[in-house]
2 protein chains.
Amino acid sequence: MQAHDSRLESILDSVEALFARDGYHATSMRDIADASGLSVAGIYYYIPSKQIALAMVCERIFDRLDAGVPTPDSAATPIELLQRFVRSHLRYVLANDSAYRVLLHDMELLEGAASERVRLRKRNYFRSLAHMIARIDPAARFTARLAAGALFGMLNWAPTWYRAEIDGNCDQATDALTSLFLGGLLASGNVAEALL
Amino acid sequence: MQAHDSRLESILDSVEALFARDGYHATSMRDIADASGLSVAGIYYYIPSKQIALAMVCERIFDRLDAGVPTPDSAATPIELLQRFVRSHLRYVLANDSAYRVLLHDMELLEGAASERVRLRKRNYFRSLAHMIARIDPAARFTARLAAGALFGMLNWAPTWYRAEIDGNCDQATDALTSLFLGGLLASGNVAEALL
DNA sequence: GGAGCGCTCGAACGAACGTTCACTAGATTC
DNA sequence: GAATCTAGTGAACGTTCGTTCGAGCGCTCC
């Protein structure tokens, strides 16, 4: 039972890395078998199908993302909560390149019930950030929906350009992006609009 | 000659739509033939291979993106130039969902010389925005590199959440995102950092 | 009226795909 | 020690893949 589970986890590690590198469709069950040190048929002892392998990998990723969502405690200010969320999210996507790429490229290839389930988790994750933002912005120059979309864009795009040796370590990038976002969110309105 | 070229263009329209909807690997030459009203063999009269079809589609997309990059004229302020760039870019990615999806998902599947060429065009496009930003920010709280990455993230992520009936028309979204970005870029520093 | 050309086709190629099958060596249970 | 279960295998299934080939159109030019 325990041996079975840890073996499954290591297979999913391989699957995640292969899907990230080559994409879902360009990864064959032979590739997965080779990377896992099993025969092709042996893989099917642990995973019923390639589709379900993708579903398992996606669920794992959201398990880890959700674990980073800060729970509102009475001591923390809304801005502190946002800062924690950004730090957790950015750390994950920058440190787990495979997961980021599966999420970006392959998640939408899910079908059926698994697709619905993962899509719901994605929406909930998005909303948890939107709620934090709504609690911050007093003047509400922007809808929380738009602001959350913009912030997620800044964060999820980071892996495409970020390089630690140029842009500083992950926490420095977090601080910069958070400051850029909050500066825009809380700017008194006339600061930017007068210039347009 | 002319008939040949317009036929090729219409085939590339089909290819772009199919790659966008199903992805490069899940699109077969049979699919392309059906969508183009030709036989499979007939497609190869216009396109030497599936790989080159992808390269052609990517080049077309950058032709259109580049056409929207504003040329600096003496009358326009740096902020006006940025505004024009953002408007042009966002209009394109929101109105051309197929192109956006090919760019996001399939461009990286290019191989060989075509890959290098397209990658270079992407980098140049990124740099044209970074240069505009560098000319705006006087205090330089952020590197132009980070600011351009953040802005591109905001814009390129928009197709994943933007819906005209909720978020207003494309120009309204442009104004909101530009204002959010410029507000953060030009914020006096202590506005946001005092809160962290 | 035949030669050449631009364009299109059906048929086929070998290779790779996801999945299933019958089977086995070893451990566990009764 | 017979029966059952776990973990794994090699071989094969039918299908689809990207690509190629030879041939057949309708057209223009000599």
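Worth knowing before you read on, the calculation uses all heavy atoms, side chains too, and leaves out hydrogens, waters and symmetry mates. Note on naming: letters A, B, ... go to the chains in the order of the sequence lines (proteins, then strands), and numbering restarts at 1 for each one.
- Listed nucleotides: D:dA7, D:dT19, C:dT20. Nearest to the side chain of A:Ala41: C:dT20.
- Aromatic pair B:Phe152/B:Phe181: ring centres not closer than 6.0 Å.
- Considering only residues two or more places apart in sequence or on other chains, A:Arg30 meets the side chain to side chain donor-acceptor pair (under 3.5 Å) condition with none of them.
- Rounded to an integer number of Å, the gap from A:Leu8 CG to D:dT6 C1' is 15 Å.
- Under the rule for a side chain to side chain donor-acceptor pair (under 3.5 Å), A:Asp106 has no partner lying at least two apart in sequence or in another chain.
- As judged by a 4.0 angstrom heavy-atom cut-off over every strand, A:Thr27 is placed among residues touching the sugar-phosphate backbone only.
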Under 3.5 Å, which donor-acceptor pairs link side chains of residues 33-46 of chain A to any protein atom two or more places apart or in another chain?
from, atom 1, to, atom 2, distance (Å)
A:Ser36, OG, A:Ile32, O, 2.8
A:Ser39, OG, A:Gly42, N, 3.1

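- Across all strands shown, B:Arg30 has heavy atoms under 4.0 Å from base atoms, whether or not it also approaches the sugar-phosphate.
- The side chain of A:Arg7 places an N or O atom within less than 4.0 Å of a non-bridging phosphate oxygen (OP1 or OP2) of D:dG8.
- Here D:dG18 presents its P atom at 13 Å from CD of B:Glu111, a figure rounded to the nearest Å.
- Remark: B:Leu81 CG to B:Ile133 CD1 distance equals 12.0 Å, nearest 0.5 Å.
- Checking the phosphate oxygens (OP1, OP2) of D:dC17, a side-chain nitrogen or oxygen of B:Ser28 falls inside 4.0 Å.
- A:Arg119 meets the side chain to side chain donor-acceptor pair (under 3.5 Å) test with A:Ser115; sequence neighbours excluded.
- Heavy-atom nearest nucleotides on DNA chain C were determined for B:Val40 and for A:Ala26, and the one closer to the 5' end corresponds to B:Val40.
- Between B:Ile11 atom CD1 and C:dC7 atom P the separation is 11 Å, expressed in whole Å.
- Atom CD1 of A:Ile43 is separated from atom P of C:dC17 by 14 Å (rounded to the nearest Å).
- Note on A:Ser39: every side-chain N or O is 4.0 Å or more away from OP1 and OP2 of D:dG10.
- Going from atom CE of A:Met29 over to atom C1' of C:dG18 covers 7 Å, rounded to whole Å.
- Look at NE2 on A:His4: it is 16 Å from P on D:dC5, rounded to the nearest Å.
- Near-neighbour residues of DNA chain C inside residues 44-55 of chain B, defined by a heavy atom below 4.0 Å, number-ordered: B:Tyr45, B:Tyr46.
- Scored by the side-chain contact (heavy atoms from CB on, under 4.5 Å) test, A:Glu9 finds A:Leu12, A:Arg60, A:Arg64 as partners (sequence neighbours excluded).
- The distance from atom NE2 of B:His25 to atom P of C:dG18 is 12 Å, rounded to the nearest whole Å.
- Following rounding to the nearest Å, B:Asp5 (CG) and C:dG6 (P) show an atom-to-atom distance of 14 Å.
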